[in-house]
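Below you'll find the structure, written out as structure tokens, and then a few comments.
A, B, ... follow the sequence lines: proteins, then strands. Residue 1 opens every chain.
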Amino acid sequence: MCGRFFLVPDLHELLALLDAMPEGIDDLRGPRWNIPPTMPIVVMRPGDAGPRSLAPARWGLVPTWWRDPDKLPSFHNARAETAATKPSFRGAVRYRRVIIPATGFYEWDRARGRTPFSITRSDGDVMAFAGIGTVYSKGPHVLETAAILTVDASPAMRGTHDRMPVILERDAWDAWTDPRASVDDAMAWCTPKPEGLDVVEVGTGVNNARNTDGRWFESAIAPVAAEDGP
DNA sequence: CCAGACGTTGTT
DNA sequence: GTCTGG
DNA sequence: CCAGACGTTGTT
DNA sequence: GTCTGG
């Protein structure tokens, strides 16, 4: 679940939407219609710039003990039910809970030949995935990394998939990323968003991560608009 | 003790 | 089938 | 997540 | 690094 997402706003817009400050980013072009694992993303968490610092990261958590910096793993999801006890994730759960902003994410119906769907918030607000992160440091290179937590899908989403990312409401953002919160409390906040999501079929152009222009939304937003001749 | 794994998704 | 690249 | 490669020799 | 399996 949640192996591809999109983020429309540029840095300036995103900082305003999140009420955040930049840390180590001076440019983020939007829109980014097709973000796959291992690619650069941004995470929000307490930092040098304030309680909601927005920093660059790699999507695909790298455990701090990982040996080979030339072959990094891609742990792009972590199960919320078990992350707190897994050797690869528990340090991140305890010390580095982050928020990954998105406009929405994609899912595929494999029973229909990998038909893609987009999932967005019905209220149009920015989507805040609950994530966990590490700072992977090997030699001269320092890399912030992150994974998105998943839970069983809400009944409303079960027709789309059996798992879904944890989506935090705005009033939970700061509590989630506060390292003083207990792990028990934090994991109790990992519940499926029960409603308020729009699922829309989009074009198969999204399937190939090299396609980044978002044209697959044309058919979704304005379907069958081609018959308007004079 | 040392060696080896350490993760998710989906599909069969 | 499995790994890499996007 | 999906798409696409998956190999060697030698030469440029 | 830390846990599990042998």
Side-chain angles (χ1 to χ4, degrees), chain A residues 1-7 29 31-42 56-98 100 102-120 127 129-139 142-143 145-153 157-167 183 187 190 192 199-217:
Chain A
M1 246 9 37
C2 204
R4 204 79 73 83
F5 68 92
F6 55 106
L7 179 65
R29 257 173 282 260
R32 298 179 65 200
W33 291 111
N34 209 348
I35 305 173
T38 73
M39 286 291 106
I41 59 170
V42 291
R58 172 195 194 256
W59 186 17
L61 185 146
V62 179
T64 52
W65 46 261
W66 193 262
R67 289 187 185 82
D68 186 355
D70 295 324
K71 286 177 61 177
L72 297 178
S74 177
F75 299 158
H76 58 275
N77 291 151
R79 296 177 65 89
E81 302 90 325
T82 55
T85 61
K86 297 287 186 184
S88 291
F89 296 145
R90 63 179 182 187
V93 169
R94 177 159 179 197
Y95 297 113
R96 209 169 182 93
R97 293 184 300 271
V98 304
I100 297 163
T103 302
F105 60 101
Y106 300 109
E107 297 288 3
W108 280 265
D109 182 357
R110 298 169 84 119
R112 287 213 287 136
R114 288 193 165 81
T115 299
F117 294 81
S118 80
I119 297 91
T120 52
M127 193 173 274
F129 296 134
I132 55 177
T134 64
V135 178
Y136 178 70
S137 181
K138 202 79 173 174
V142 178
L143 184 68
T145 77
I148 296 170
L149 293 172
T150 64
V151 288
D152 276 335
M157 282 293 295
R158 232 161 258 160
T160 306
H161 261 301
D162 60 344
R163 303 283 295 173
M164 68 185 287
V166 176
I167 298 166
V183 168
M187 299 324 283
C190 290
V199 181
V200 175
E201 182 175 337
V202 296
T204 53
V206 69
N207 292 19
N208 193 327
R210 301 175 124 92
N211 297 333
T212 57
D213 61 19
R215 263 180 297 186
W216 42 88
F217 276 105

Does any part of the side chain of A:Thr145, heavy atoms only, come nearer than 4.5 Å to the side chain of A:Leu72, both counted from C-beta?
no
What contact category does A:Ala78 fall into here, base, sugar-phosphate, or nothing, at under 4.0 angstrom with non-hydrogen atoms?
sugar-phosphate
Identify which nucleotide among D:dC1, B:dT9, B:dG7 has an atom closest to any side-chain atom of A:Arg163, counting heavy atoms from C-beta outward.
B:dT9
Looking at every strand, decide which applies to A:Phe89 at a 4.0 Å heavy-atom threshold: base, sugar-phosphate, or nothing.
sugar-phosphate
Per atom distances to the A:His161 side chain, the nearest of B:dG10, D:dC2, E:dT2 is B:dG10
What nucleotide, of B:dT8, E:dG1, B:dG7, holds the atom closest to the side chain of A:Arg79?
B:dT8
Residue A:Lys86, side-chain atoms from C-beta onward, closest of D:dA3, B:dT8, D:dC1
B:dT8
Against the side chain of A:Thr150, the closest entry in B:dC6, D:dC2, B:dT9 is B:dT9
When you measure from the side chain of A:Pro36, which nucleotide among C:dG6, B:dG10, C:dT4 comes out closest?
C:dG6
Are A:Trp108 and the base of D:dC1 stacked, counting only ring centres nearer than 5.5 Å and planes tilted under 30°?
no
When rounded to the nearest Å, what value does the distance between P atoms of E:dT2 and B:dG10 take?
32 Å
Please, what dot-bracket string fits DNA chain B when only Watson-Crick and G-U pairs with both distances under 3.5 Å count, crossing ones use [ ] and pairs to another strand use |?
||||||......
Ignoring hydrogens and angles, answer whether the base of C:dG6 and the side-chain atoms of A:Thr38 contain a donor-acceptor pair closer than 3.5 Å.
yes
Measure from the side-chain heavy atoms of A:Asn77 and tell me the nearest of D:dA3, B:dT9, B:dC6.
B:dT9
Applying the 5.5 Å / 30° rule, does A:Phe75 stack onto the base of B:dG7?
no
Nearest to the side chain of A:Arg90, heavy atoms from C-beta on, is which of C:dG6, B:dC6, E:dT2?
E:dT2
Give a yes or no on whether the backbone of A:Val206 and the side-chain of A:Trp33 come within a donor-acceptor separation of less than 3.5 Å.
no
Of the listed nucleotides (B:dT8, C:dT4, E:dG1), which one gets closest to any side-chain atom of A:Lys71?
C:dT4
Give the intermediate values and the outcome of side chain to side chain donor-acceptor pair (under 3.5 Å) for residues A:Trp216 and A:Asn207.
CA-CA 10 Å; A:Trp216 42 88; A:Asn207 292 19; over 6 Å; no
Parallel, tilted or perpendicular: which fits the ring planes of A:Phe217 and A:Tyr106, with parallel below 30° and perpendicular above 60°?
tilted
Measuring only the P atom in each nucleotide, how far is B:dC6 from C:dG6? A whole number of Å is fine.
28 Å
